[in-house]
Structures are given as structure tokens and as C-alpha cells.
Amino acid sequence: MLPQSTRRIIGRKQELARLTALLDDPSTRLVTVVGIGGVGKTTLCLEAAQRVASGFADGVTFVSFQSAVAPEIVADRIARSLGFEPDSEGNAADLVVDHLADRELLLLIDNFEVVESARPLLS
């Protein structure tokens with residue numbers, strides 16, 4: 001589920017169109033949006049995700065890493081955002097991969113830079 005953005009997008013029509021096109025393309029596996037803080041990356045991504053959500057049979061899931069967390073719990077946080085609890089054996093990454101394997105879902109991860117060392121998990 002996506003949080004509702006209270007901000008309007010002003011002057012970002014080209015960026016929104018490009019991002020929406022990338023998300024609509026079934027061959028796109030990963031999109032990274034970068035820029036300095038406060039320029040509206042989250043707002044842009046939320047709007048694009050709203051626009052393409054109906055094209056994903058299993059919807060859209062939003063995961064925020066607004067505050068820093070230990071890299072080893074990134075998979076746990078993603079699992080909880082997907083609606084299930086990771087097991088106590090510590091293999092949350094495997095559970096997330098298994099959960100997503102047969103789904104058509106847009107996973108929108110915000111502020112991933114605070115846990116960048118967990119980057120291999122996304123592959």
C-alpha cells in the first residue's frame with residue numbers, strides 16, 4: 001500500500017513521464033532515483049507508483065528507511081512491509097525472495113541510501 005502524498009508535483013512532467021514509462025516496461029527490474037535531499041524524489045516516485053499500480057497484479061508495496069537501520073534487518077523490514085513476519089532463523093532475505101518470486105509487484109523502497117551496505121539484497 002502506498003502512503004498518500006500531500007504534495008503536488010510542479011515542473012516535473014518530463015521526469016514523471018520517464019519514470020512512469022520505466023515502471024510500465026516489464027523488462028525494467030530496478031530503477032534508482034537520485035538527487036539531493038528535499039527535491040521531491042519521494043513525491044515523484046509515489047505519484048509514478050500511483051499511476052502504474054493497476055498494471056501490477058499484486059499491487060505496490062512501500063518500504064521506508066527514513067531512519068537508519070542495521071543492514072542485517074533490511075530484509076526483515078521488507079518482509080513486514082509485504083505483510084509477513086520473518087522467521088527466527090534469520091533467513092528473511094530468502095523468505096522475501098521466495099515471496100516475491102511468483103508475484104507481479106512493484107516494491108518502492110524509499111531512503112535506501114541509509115542502508116546502502118544492504119545493496120546486494122536488491123539483486
Side-chain angles (χ1 to χ4, degrees):
M1 176 166 256
L2 289 172
Q4 294 300 315
S5 177
T6 58
R7 297 182 178 170
R8 289 183 35 208
I9 295 179
I10 300 172
R12 297 277 189 230
K13 286 182 182 179
Q14 288 180 333
E15 292 88 346
L16 183 58
R18 177 73 176 130
L19 183 55
T20 301
L22 284 168
L23 296 175
D24 269 338
D25 182 346
S27 68
T28 301
R29 304 288 297 161
L30 177 68
V31 176
T32 303
V33 177
V34 297
I36 61 171
V39 297
K41 296 178 300 293
T42 300
T43 302
L44 180 71
C45 291
L46 287 171
E47 179 63 28
Q50 285 286 161
R51 291 182 180 205
V52 301
S54 64
F56 291 87
D58 296 298
V60 179
T61 298
F62 180 79
V63 184
S64 178
F65 291 101
Q66 197 165 10
S67 58
V69 297
E72 56 273 8
I73 68 165
V74 168
D76 289 9
R77 175 137 341 145
I78 293 172
R80 286 186 184 93
S81 295
L82 290 167
F84 66 92
E85 285 293 319
D87 63 23
S88 59
E89 295 178 24
N91 59 355
D94 293 335
L95 292 172
V96 168
V97 169
D98 290 345
H99 180 81
L100 294 175
D102 61 349
R103 288 182 170 71
E104 188 179 321
L105 180 127
L106 174 60
L107 184 61
L108 178 56
I109 301 175
D110 193 34
N111 294 306
F112 194 74
E113 70 275 6
V114 301
V115 289
E116 188 176 342
S117 60
R119 186 173 3 120
L121 173 65
L122 294 184
S123 62

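Everything numeric in this text was worked out from a predicted model, so none of it was measured. Atoms considered below: every heavy atom in the structure, side chains included; atoms not considered: hydrogens, waters and symmetry mates.
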Shortest non-hydrogen pair, F56 vs L106, comes out as CD2-N, 3.6 Å
Would you call the rings of F112 and F65 parallel, tilted or perpendicular if under 30° counts as parallel and over 60° as perpendicular? perpendicular
Is there a path of hydrophobic side-chain contacts, each under 4.5 Å between heavy atoms of I, L, V, M, F, W or Y residues, that connects V97 with V74? no
Return the minimal non-hydrogen interatomic distance between Q66 and S64, and the atom names on each side. N-OG, 3.2 Å
Look at the side chain of T61 and the backbone N and O of L82, then say whether any donor-acceptor pair between them is shorter than 3.5 Å. no
Student check: side-chain heavy atoms of V52 and V60 closer than 4.5 Å: no
Side-chain touch V96/F84, heavy atoms, less than 4.5 angstrom: yes
Under-4.0 Å salt bridge between E116 and R119: yes
A side-chain contact here means heavy atoms from C-beta on lying under 4.5 Å apart; do R12 and T43 qualify? no
Have a look at D24 and tell me which of T28, L22, T20 forms a side chain to side chain contact (heavy atoms under 4.5 Å, CB included) with it. T20
Would V39 end up clustered with L16 when hydrophobic side chains under 4.5 Å apart are linked, directly or stepwise? no
Looking at R103 and H99, would you say the former's side chain and the latter's main chain have a donor-acceptor pair under 3.5 Å? yes
What are the two closest heavy atoms between V63 and R77, and how far apart are they? CG1-CG, 3.8 Å
dist L107:CG -> I109:CD1 (nearest 0.5 Å) comes out at 4.5 Å
Distance from C45 atom SG to E15 atom CD, nearest 0.5 Å? 11.5 Å
